[in-house]
Amino acid sequence: MSPTTANIIAKLASEHNLSDAELLALLTGTEDGINEQLACAADKLRRQYYGDKVYIRGLIEFTNYCKNNCYYCGIRAGNSLAERYRLSQEEILACCAEGYKLGFRTFVLQGGEDLYYTDDKICSIVSAIRRQHPDCAITLSIGEKSRASYQAYFDAGANRYLLRHETADAEHYAKLHPASMSLENRKRCLFDLKEIGYQVGSGFMVGSPYQTPRTLLSDLRFLQQLQPDMIGIGPYITHEHTPFKDRPSGTLEQTLRLLSMLRLLFPYALLPSTTALGTIHPEGRELGLKAGGNVIMPNLSPVGVRKKYELYANKICTGEEAAQCRGCLEARVRMAGYNIVTDIGDVRRTLE
Ligand code: SAM
Ligand code: FES
């Protein structure tokens, strides 16, 4: 690697920021060893903040109905071939109870934007989980809502919210979504969530159609402005029943590079090594941890519905029971040199 590139990486590791030109140089660099050098610096920093800890979040995909039509997503309303399902409050509570026994202290309720779940229903589910598991964090990931709805969920006991911004470039956003959706509203949601007091997660897909180094640069700058607690990135993966069926998936290498860059830009952040990364490569999630990730989100949904929550092709871990998933991941994480902890896993903003 050239001394210039090595210097840029060293600067990023010590200052946690770079100029636009330097960030673009890292995003586009083709020299051998860039990813390795970035991962090495990122791992060093994650160990300073989080040691070898890997936090687990139990993901409950409770509905695959969605009113929206994002061009990339397998559960978009327009995909008439998707087999739809919804979990009842009792089923969701059963997933949490099983997860709790397995050591999960964070539950992530994720779903399409499904109007069947009115605010009252969501609040009822959230407060029931809160009553049964007062020592757990409850994360929602159910898309764009009004500020009043977010406030109601928060008052019911939800304390974290995941909403990827998807892309911070308005033109790019318009190429990924129909005109009924806007970057402006997505950003409004994220700032509302922060103001209400949620711990917020945002992020984007790597290699989404029409993504460029410039749009990635705006993603990094937007995240600096938002300062989220969690940043979720994973490769875009093609789904054959979407308008983007002929578009190639994002790559392992670019996702790992961005994970390391995010760790160096946001030393404090919770960075999941995502299921999508594990889907494009058999050791994707382990490599994601080595590149700077410190969170894994195993599936706690009932096995019967897992395949139906098909955002993209060949999603992994759709056949295993939650307990099997937990055991398998524990071993994988240990082999990679880290340790899963049973912990609510709050963000560590400072080193003291
Ligand atoms: N409806 C909620 C929302 O919009 O935030 C949560 C569910 S949505 C399916 C969760 C995330 O899946 C999206 O933010 C998107 O980044 C990701 N996703 C959707 N389609 C994908 C694909 N084809 N490949 C990779 N990730 C995808
Ligand atoms: Fe459901 Fe994008 S298709 S939010």
Side-chain angles (χ1 to χ4, degrees), residues 46-47 49-62 87 89-111 125-141 157-162 198-199 201 229-232 234 268-278 283-290 292-306 309 315-348:
R46 76 91 84 191
R47 285 178 191 273
Y49 274 73
Y50 290 100
D52 65 359
K53 288 183 184 173
V54 171
Y55 299 105
I56 46 170
R57 318 299 201 199
L59 184 63
I60 303 167
E61 297 159 337
F62 69 98
L87 299 186
Q89 178 163 319
E90 291 64 40
E91 287 172 310
I92 296 171
L93 288 171
C95 294
C96 295
E98 190 183 359
Y100 192 88
K101 274 193 257 155
L102 293 168
F104 289 89
R105 294 295 176 267
T106 295
F107 302 114
V108 182
L109 267 55
Q110 189 179 85
I125 294 167
V126 168
S127 45
I129 301 175
R130 177 57 58 234
R131 273 195 304 280
Q132 296 192 358
H133 304 290
D135 55 334
C136 291
I138 303 173
T139 308
L140 291 176
S141 178
N159 37 14
R160 297 181 183 155
Y161 205 101
L162 304 183
Y198 282 94
Q199 292 175 39
D229 301 284
M230 184 186 255
I231 303 173
Y268 67 82
L270 294 159
L271 287 183
S273 190
T274 52
T275 305
L277 195 52
E283 279 167 30
R285 281 174 305 177
E286 290 88 325
L287 293 167
L289 293 177
K290 291 181 181 176
N294 60 345
V295 174
I296 292 213
M297 298 170 65
N299 205 325
L300 290 182
S301 312
V303 171
V305 303
R306 285 189 193 181
Y309 198 82
K315 194 171 152 208
I316 54 165
C317 301
T318 52
E320 287 151 67
E321 297 292 344
Q324 287 170 288
C325 258
R326 173 77 164 87
C328 157
L329 268 178
E330 183 113 36
R332 281 168 169 260
V333 167
R334 213 172 319 110
M335 290 284 286
Y338 306 94
N339 255 307
I340 287 186
V341 289
T342 298
D343 186 325
I344 195 160
D346 279 325
V347 75
R348 285 199 66 187

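Everything numeric here is computed off the predicted structure, so don't read it as measured data.
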Practice prompt. Tell me, with the steps shown, if Val126 and Leu140 meet side chain to side chain contact (heavy atoms under 4.5 Å, CB included).
Written response: CA-CA 9 Å; Val126 168; Leu140 291 176; 4.1 Å; yes
Discussion item. How long is the straight-line distance from CG of Leu109 back to OH of Tyr161, given to the nearest 0.5 Å?
Written reply: 10.5 Å
Worksheet entry | Smallest separation among heavy atoms of Ile129 and Phe107, with atom names | CG2-CD1, 4.1 Å
Response to the item:
Minimal heavy-atom distance between Arg46 and Val54, with the atoms involved, is NH2-CG2, 3.8 Å
Worksheet entry | For Arg57 against Gly345, the heavy-atom pair lying closest together | NH2-O, 2.9 Å
Discussion item. Suppose the criterion is salt bridge (Lys or Arg N to Asp or Glu O under 4.0 Å): which pairs have a residue in residues 334-346, not counting sequence neighbours?
Written reply: Arg160-Asp346
Fill in: Heavy-atom check, side chain of Arg326 versus side chain of Pro298, under 4.5 Å
no
Item to complete: Any chance you could measure Leu59, atom CG, to Tyr309, atom OH, to the nearest 0.5 Å?
Response: 7.0 Å
Worksheet, complete the sentence: Minimal heavy-atom distance between Leu277 and Ser273, with the atoms involved, is CD2-OG, 3.9 Å
Worksheet, complete the sentence: Smallest heavy-atom separation, Ile92 atom then Ile60 atom, equals O-CD1, 4.3 Å
Item to complete: Please check if the side chain of Arg105 supplies one atom and the backbone of Asp135 the other of a donor-acceptor pair under 3.5 Å.
Response: no
Discussion item. According to side chain to side chain contact (heavy atoms under 4.5 Å, CB included), who are the partners of Gln89, at least two apart in sequence or on a separate chain?
Written reply: Leu93, Ser124, Ile125, Ala128
Worksheet item: Does any non-hydrogen side-chain atom of Val305 lie less than 4.5 Å from one of Glu61?
Response: no
Worksheet entry | Min side-chain heavy-atom separation Leu270-Tyr50 under 4.5 Å | yes
Discussion item. Measuring only between side-chain heavy atoms, which start at C-beta, is Cys95 closer than 4.5 Å to Pro302?
Written reply: yes
Worksheet item: How long is the span from the NZ atom in Lys101 to the SG atom in Cys96, to the nearest 0.5 Å?
Response: 12.5 Å
Worksheet item: Is any side-chain heavy atom of Ile296 less than 4.5 Å from a side-chain heavy atom of Ile340?
Response: no
Worksheet entry | Flag side-chain contact, heavy atom, 4.5 Å: Ile316 against Arg285 | yes
Worksheet item: Quick one: CD on Glu286 to OH on Tyr338, what's the gap to the nearest 0.5 Å?
Response: 11.0 Å
Worksheet entry | For the student: nearest non-hydrogen atoms of Val347 and Gln199, plus distance | N-OE1, 4.3 Å
Item to complete: Please name the residue in the list Ile56, Leu289, Asp52, Asn339 that meets the side-chain contact (heavy atoms from CB on, under 4.5 Å) test with Val333.
Response: Leu289
Fill in: Residues Asn294, Lys53; criterion side chain to side chain contact (heavy atoms under 4.5 Å, CB included); working and verdict
CA-CA 7 Å; Asn294 60 345; Lys53 288 183 184 173; over 6 Å; no
Fill in: Side-chain touch Glu98/Phe104, heavy atoms, less than 4.5 angstrom
no
Fill in: ring pair (Phe, Tyr, Trp, His ring centres under 6.0 Å) partners of Tyr100, counting only residues at least two apart
His133
Worksheet item: Considering only heavy atoms from C-beta outward, does the side chain of Met230 approach that of Leu162 to under 4.5 Å?
Response: yes
Discussion item. Check whether Arg306 reaches the backbone of Cys317 with its side chain - one donor and one acceptor, N or O, closer than 3.5 Å.
Written reply: yes
